[in-house]
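Side-chain atoms are counted along with the backbone in the values below, which use heavy atoms only and exclude waters and symmetry mates. For ligands, and for the atoms within them, numbers begin at 1 and follow the listed sequence. Along the sequence shown, the residues carry numbers beginning at 1.
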Amino acid sequence: MAKKQFKAESKKLMDMMINSIYTHKDIFLRELISNASDALDKLYYHSLSENTSGLSRDDYKINLSIDKENRTLTISDNGCGMSEKELETNLGTIAKSGSHDFKSAINPEEKESSNVEIIGQFGVGFYSAFMVSDKVTVISRVYGSDEAFKWESSGVDGYTVSPCEKASAGTTITLKIKENTEEEDYDKYLNQYTLQEIVKKYSDYIRYPIMLDMESTSLKEGTEDEYETVIEPTQLNSMVPIWRKNKNEITKEEYNEFYKGKFYDFEDPLHTVHSKTEGQISYDALLYIPSHAPFDFYSKEFEKGLSLYCNGVLIMEKCAELLPDHFSFVKGLVDCADLTLNISRETLQHDHILKVIAKNLEKKIKSELEKLLKNNREAYEKFFAAFGVQLKFGIYNSYGINKDTLKDLVLFHSSSENKPVSLKEYVSRMSEEQKTIYYACGETTAKIDLLPQADAVKSKGFEILYCTDDVDEFAIQMLREYDSKTFTNICADSLDLDSEDEKEETKKENEDSKEMLDFMKEALGDKVSSVAFTSKLSNHAVCLTSEGMLSLEMEKVLSAMPNASGVKAKAILEINKNHAIAQKLKDLFESDKEKLKDYATLLYCQGCLIAGKSIDDPAELSRLICDLM
Ligand code: ADP
């Protein structure tokens with residue numbers, strides 16, 4: 001029979017599995033049992049909605065069996081089964097919805113050492129069988145069909161599919177277990193106690209009995225010293241879903257193992273919330289905050305949602321309605337007995353019960369995050385580094401409708417504390433004299449530190465919040481105020497640090513030099529909306545500020561967007577009235593107006609460079625500098 005080749009990415013994955021150095025080879029069993037359980041779910045669900053299956057609930061089973069002589073381990077189920085075509089598509093390629101992402105994550109130079117992460121991230125399921133076996137045989141018959149097919153593969157050289165006999169519907173997977181090597185003991189997968197242990201650890205909650213014929217030796221009936229070996233079908237799992245157990249019966253490790261297995265993560269979660277709600281609507285929720293963002297989290301491919309169960313039966317893998325966008329990073333599940341089983345995606349959106357649960361969960365997640373911030377700063381900062389941007393988007397999105405929910409959860413780097421701080425903490429440190437919350441925007445904290453205005457604000461003893469994410473300033477503007485304190489961008493023209501006397505003096509200076517300043521503005525054209533003297537710069541000669549809502553930083557962010565339509569901040573060139581350059585400009589206005597034009601351009605370019613804004617005509621700048629030299 002002609003061998004068929006695996007699709008390229010499956011082949012790569014297969015290769016990785018066969019040569020895996022993955023330390024948790026045991027998980028192959030979890031993966032195969034999960035598939036069997038899903039197949040039973042599918043049949044069970046189908047039978048409920050169509051009233052067709054002749055099986056009763058108790059007939060659904062997963063059977064394990066060991067054949068030591070032939071070195072085989074068999075996992076079988078009487079679930080929905082796979083047709084010839086399904087065997088092809090499901091096992092000949094990576095069938096997971098993540099296959100596209102998988103393709104982009106494995107590149108040809110992929111190093112062995114990163115396999116662990118890839119395996120962890122993608123939950124490669126069926127293929128993990130090749131970590132422990134030389135040959136895998138799958139015999140399957142679809143429920144309701146009388147044909148059966150056999151899929152067989154010894155690894156990378158391909159697979160075959162052929163018709164065969166099978167007495168009843170379902171799937172039987174036979175693994176030819178590898179021979180022991182110096183480093184690796186494979187015999188253990190033919191040992192009943194090891195299998196029992198692995199099932200207990202990873203698949204205890206599976207809702208169908210996982211059976212294994214276990215051998216034990218016992219006293220022969222009616223004798224006193226004669227022993228006999230009895231083989232008894234033994235159920236290995238307790239079948240109680242972890243979320244239905246009492247909290248005090250579950251160890252942290254169990255919570256973590258469940259998380260990693262179910263949500264394909266290779267790291268423990270950062271935080272676990274297990275809540276049982278009784279009342280008009282009763283439900284159990286098991287929620288996890290991952291310790292790192294999934295690789296596709298900030299992309300369009302990412303799908304938020306919680307798994308939805310009704311009385312322990314999975315209804316939907318990812319129910320998006322249960323999570324608001326700003327908490328889309330939460331993984332987990334909800335089990336509610338009050339739902340109808342055949343709820344569809346369409347009716348979901350209008351389901352009252354779901355809405356109530358979603359509202360409660362949002363509150364719960366918020367309060368858990370607040371607690372984490374209060375009680376475990378380190379963990380919270382780790383969380384925020386991974387998902388903070390999502391919270392800030394949450395403040396900005398939908399015209400700020402969620403800003404009150406989120407405002408106490410966001411952190412910004414502080415100039416005085418040199419670490420991320422909350423707005424509450426900032427405000428608690430404000431002195432009587434300080435009227436507004438200062439913030440500054442830039443690529444990095446180091447670059448913001450170099451801004452002339454940052455110097456000025458810090459020297460007054462005021463703390464500055466550093467905004468280094470594109471979304472930051474948009475979020476801050478959406479907040480408008482916190483605890484009745486407004487926000488001030490230190491790069492705005494409205495930055496006001498002067499005393500009344502100083503202000504009066506600057507105002508006079510500007511009036512006296514109005515003609516000259518207007519002349520400079522004319523020379524710069526529409527690059528700036530005005531040129532003015534300022535007293536807020538201590539040593540620096542110039543700075544560029546902006547007027548109104550749209551800051552220079554926002555201009556940068558917006559014009560980097562795909563269909564930017566030439567948004568422009570209203571820039572103001574501010575010149576230090578106490579700097580020697582001020583007098584020089586005044587002199588030039590009297591003696592050499594052409595030169596003053598060049599000076600205006602030079603100062604403007606300096607302002608741009610300091611603000612991190614690109615210069616329209618660098619060649620002109622170069623020419624002007626050379627002329628001066
Ligand atoms: P995943 O389970 O993550 O989708 P797998 O590689 O483990 O990926 O399995 C691929 C597909 O093969 C499954 O989605 C399922 O459709 C099918 N499959 C695997 N095992 C079984 C089984 N025991 N019974 C029926 N279908 C199965």
Legend entry - 4.0 Å heavy-atom contact, Glu31 with ligand 1: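 Judged by the 4.0 Å heavy-atom criterion, Glu31 does not count as contacting ligand 1.
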Legend entry - Closest to atom 20 (N) of ligand 1 among Thr171, Asn78, Ile75, Asn35 (heavy-atom distance):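 Answer by nearest heavy atom: Asn35.
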Could you see which bit of [X] sits under 4.0 Å from ligand 1, with heavy atoms only: side chain, backbone, both or neither?
| X | value |
| --- | --- |
| Lys42 | side chain |
| Tyr264 | side chain |
| Asp77 | side chain |

Inset, instruction - Would you confirm whether the ring centroid of Tyr283 sits within less than 6.0 angstrom of the ring centroid of Trp243? - result: no
Inset, instruction - Compute the ring centroids of Phe387 and Phe297, then answer whether they are less than 6.0 Å apart. - result: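 Here the rings of Phe297 and Phe387 have centres that are less than 6.0 Å from each other.
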Legend entry - Test salt bridge (Lys or Arg N to Asp or Glu O under 4.0 Å) applied to Asp268 and Lys382, Lys252, Lys260, the passing residue: Lys260
Inset, instruction - Would you mind running through ligand 1 and noting each atom that sits below 4.0 Å from a heavy atom of Asn90? - result: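 The list of qualifying atoms is 10 (C), 11 (C), 12 (O), 15 (C), 16 (O), 17 (C).
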Legend entry - Atom pair OG1/NZ of Thr272 and Lys331 - distance to nearest 0.5 Å: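 Reported value, rounded in 0.5 Å steps: 14.0 Å.
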Inset, instruction - Please round to the nearest 0.5 Å and tell me the distance separating atom OH of Tyr143 and atom SG of Cys80. - result: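 Tyr143 OH to Cys80 SG: 12.0 Å, rounded to 0.5 Å.
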Inset, instruction - Classify the ring geometry between Tyr255 and Tyr288 as parallel (under 30°), tilted (30 to 60°) or perpendicular (over 60°). - result: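 Perpendicular: the ring planes of Tyr255 and Tyr288 meet at over 60°.
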Inset, instruction - Please determine if Asp38 has a nitrogen or oxygen closer than 3.5 Å to a nitrogen or oxygen of ligand 1. - result: no
Inset, instruction - State whether the shortest distance between N or O atoms of Cys80 and N or O atoms of ligand 1 falls below 3.5 angstrom. - result: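 Not met; the criterion fails.
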